[in-house]
Amino acid sequence: MTRVRTGGVRAAVGAVLAVALTAALAGCSSTGGKRAEDARKAAAAQGRAAVNTPRWTFAMVTHSGDGDTFWDIVQNGSKQAAVKDNINFLYAHSDEAQQQAQLIDSYVAKKVDGLIVTLAKPDAMKTAVEKAVKAGIPVITVNSGADASKAFGALTHIGQDETVAGEAVGEELDKRGSKKALCILHEQGNVGHEQRCAGAKKTFGGEMQNLYVDGTNMPDVQASILAKLQSDPSIDAVVTLGAPFADAAVQAKKTAGSKAEIDTFDLNAKVAAALEAGTLGFAVDQQPYLQGYEAVDLLWLYKYNANVLGGGKPVLTGPQIITKDQAAALKDYAERGTR
Amino acid sequence: MSAAAPPEPAGVDHVDERLLRTSPMKKLLARPELGSVVGAIAVFVFFSVVADSFLRASSLGTVLYAASTIGIMAVPVALLMIGGEFDLSAGVLVTTSALVSSMFSYQMTANVWVGIGVSLLVTLAIGAFNGFMLTRTKLPSFIITLGTFLMLTGLNLGLTKLISGTVSTKSIADMEGFDSAQKLFASHVTIGGVELRVTILWWFVLVALATWILLRTRFGNWIFAVGGGADAARAVGVPVFKTKIGLYMGVAFCAWISGQHLLMSFDVVQSGEGVGNELIYIIAAVIGGCLITGGYGSAIGSAVGAVIFGMTSKGIVYAEWNPDWFKFFLGAMLLLATLLNAWIRKRVEATK
């Protein structure tokens, strides 16, 4: 009995394998895929160092969780600048404040020549950043923590003011005639997210509600937005705080039969395509590539020439509101991972 | 202890238990999912009262969809728990499965169905690996699958970044085979104005299949036997190892279905997703009456657990409550359901 059964299982596995292999040989797709991408990639800028300064080591420590597309783009910017400036670029991240602080400590102990830090949880980073400054390591803060940056002794801050970005969204929603909007937060307890929604609420003439969703579970994000749209058909605008969630909102809207316009923070290839197609209203870009690129480049300028951009005031990389008109031009850049 | 015990119903004579006729009532009380059904009704009535849009047909469709995405995985996880084991890698395995099909199709510029087939093989292999490691090393499944969980989390991120250059996959929506795959894994039908997702159908079929396996097949007996006591089961000739490996492959198979749903509904996959979902599947199984120690539980119970989960998570949205409290409700519900189950079991055993 058992013997027969095992044989059966083996035969089944064999059959599945055979089918898969045959399909692999015969089943090529004539559309999309890697081949199309390769065809698209004509002549991407291959970097060579443009300067002959010493090979300094710069390290970046962010509050990114694992697998966050946004920080990929930031890193792409940093790496590009590092190649150009002849920099050895190191990167580490942790979404746990304590671990992020420890990572900063270890780079200070390693005596890197420059540090790039995000201050999503400023209080927890205070000691570590001050230690770095005391050790003579120039620090630049990026993305979050504009308020704390100077007090901690950082050279400058590069990023988007979350409240200002939110305010821009509120104004844009007003311009589009929205009356009742929904702000989708995908990370409970993220200060920057709260600031964005609060900023939007401040300038928005209509009513705005917050909706918290579990960002690590996409079907659940979709079902939650769907539930909200069903419970309140008068909602005419939905703002998501991250690019991947815009698509979930679009699908929820379709299912709910809602007429709400979907808008989002951040840009990616899909958002750019959706903007062009008109399924999304607008996107607020804070240009993550610029945050990574400028941080490395400004550190280099400081080491080489003691320059400080912005005179110590935050250098804003956003908010840039992108609508249908600009989307087509940005799509290719988003696809290669720099927008 | 005895002070807390409920009063015995009047009129129970102490006759030989074999001569007692089991009343349908008692039979019902002995079902593992009874406690969760009572809980589900309570949650349903509760949200029907406090959230006026909860009872709308379209809302119930949404609740069912939310329940189905949990429920598809809760079924094999419940079976595995009845068999006495855990799988902490189930949450990220769903993401792995979606990543494999997406990246294989994309990188090879192959028909989407090829990627789906390759993904099935890879996912089943990971399930078999879990079962094989467990039976070979005799380490607790908690440790083995925790290891797999961490390795898969790292592989998901590392390999995706290595192959695609970013942490999410590229869109495969424009590739051949996508439309038909989407029909199978992520389509929906509209019945009487209510949009029902195909995952609900998948879920019902899986629950029915698992119930049939548990109650009507030899393999079902083996599952109860290895969960109740592996050594005793081996002594009477139950192939313990094979049963456990089979159960892990069952989890893998359902992770494959969930993963394809994830991929087909969004056409790109974020490689960091899925972490934490394994606990949600376990919660659904436990609320549904599965014993953490194994040997007791049902597939229908896991479905009821998933429905409770869906009703609570979406009910809070319909009721327009502050979702800060969601996890608290979930925890309270888990405790209540488990206590209710334990209480009912004790009663049933006492009045036998």
Side-chain angles (χ1 to χ4, degrees), chain A residues 2 5-6 13 16-17 19-20 23-24 26-38 65-69 71-73 76 188 209-220 222-228 230-232 244 247-248 251-252 255-257 268-270 273 335-337, chain B residues 51 53-54 56 58-59 62-63 65-66 69 105-114 117-118 120-121 153 156-157 160-161 165-168 170-177 188 195 199 239 242 261-262 265-268 270-277 280 310 313-314 317-318 320 323-324:
Chain A
T2 344
R5 204 165 262 220
T6 343
V13 170
V16 173
L17 261 175
V19 169
C28 280
S29 172
S30 57
T31 50
K34 175 88 168 159
R35 205 182 298 151
E37 185 189 332
D38 288 346
D66 282 337
D68 189 328
T69 44
W71 291 100
D72 246 19
I73 305 174
N76 282 342
Q188 267 196 64
Q209 291 179 357
N210 286 1
L211 178 70
Y212 296 88
V213 295
D214 177 8
T216 61
N217 188 345
M218 212 47 107
D220 190 68
Q222 190 192 331
S224 291
I225 299 174
L226 176 55
K228 188 70 192 181
Q230 285 170 335
S231 71
D232 191 350
D247 192 44
Q251 299 202 24
T255 311
N268 67 14
K270 244 187 136 171
E335 256 160 18
R336 73 178 185 197
Chain B
S53 49
F54 185 76
R56 254 181 249 152
S58 59
S59 308
T62 308
V63 168
Y65 170 57
T69 56
S105 304
Y106 188 87
Q107 296 300 326
M108 300 289 164
T109 319
N111 189 298
V112 170
W113 282 102
V114 180
V118 171
L120 176 62
L121 293 180
T153 313
N156 282 357
L157 290 170
T160 310
K161 186 85 194 260
T166 67
V167 289
S168 71
K170 308 264 169 62
S171 169
I172 56 161
D174 57 348
M175 296 180 68
E176 280 173 13
H188 54 78
E195 194 162 276
T199 47
K242 220 174 272 170
H261 168 65
L262 188 68
S265 38
F266 298 103
D267 72 71
V268 290
Q270 313 280 316
S271 56
E273 267 187 54
V275 178
N277 288 355
I280 293 174
S313 64
K314 299 302 157 272
V317 177
Y318 288 121
E320 311 208 334
D324 293 351

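First the proteins, then the strands, lettered A, B, ... as listed; each starts at 1.
At a 4.5 Å heavy-atom cutoff, B:Ile172 makes no contact with chain A through either its backbone or its side chain. For B:Tyr318, the parts lying under 4.5 angstrom from a heavy atom of chain A are both the backbone and the side chain. For A:Ala256, no part sits under 4.5 Å from any heavy atom of chain B, backbone or side chain. For B:Thr69, the part lying under 4.5 angstrom from a heavy atom of chain A is the side chain only.
Rounded to the nearest 0.5 Å, atoms CG (A:Asp72) and OG1 (B:Thr160) are 10.5 Å apart. Rounding to the nearest 0.5 angstrom, the gap separating the NZ atom in A:Lys270 from the CZ atom in B:Phe266 is 8.0 Å. Note that OG of B:Ser53 is 8.5 Å distant from CG of A:Asp232, once rounded to the nearest 0.5 Å. Within the model, atoms CD of B:Glu273 and CE of A:Met218 stand 5.0 Å from one another, a figure rounded to the nearest 0.5 Å. The distance from atom CG of A:Asp214 to atom OG of B:Ser313, rounded to the nearest 0.5 Å, is 10.0 Å. To the nearest 0.5 Å, the span separating CG on A:Asp220 from CG on B:Asn277 amounts to 8.5 Å.
Between chain A and the options B:Ser59, B:Ala173, B:Ala66, B:Gly177, the largest number of non-hydrogen pairs under 4.5 Å is found for B:Ser59. Note on B:Ser168, B:Gly276, B:Ser265, B:Ala51: by heavy-atom pairs under 4.5 Å with chain A, the leading option is B:Ser265. Contacts with chain A were tallied for B:Asp267, B:Val275, B:Ile280, B:Val63; B:Asp267 has the most, counting heavy-atom pairs under 4.5 Å. Considering only heavy-atom pairs separated by less than 4.5 Å from chain B, the leading option among A:Ala248, A:Ala252, A:Ala269 is A:Ala248. Heavy-atom pairs under 4.5 Å with chain B were tallied for A:Asn76, A:Asn217, A:Asn210; the largest tally goes to A:Asn217. For the options B:His261, B:His188, B:Lys161, heavy-atom pairs under 4.5 Å to chain A are most numerous at B:Lys161.
Between B:Val317 and A:Ser224, the shortest heavy-atom distance links the atoms CG1-O, 3.8 Å.
A side-chain donor-acceptor contact under 3.5 Å links B:Thr62 and A:Gln230.
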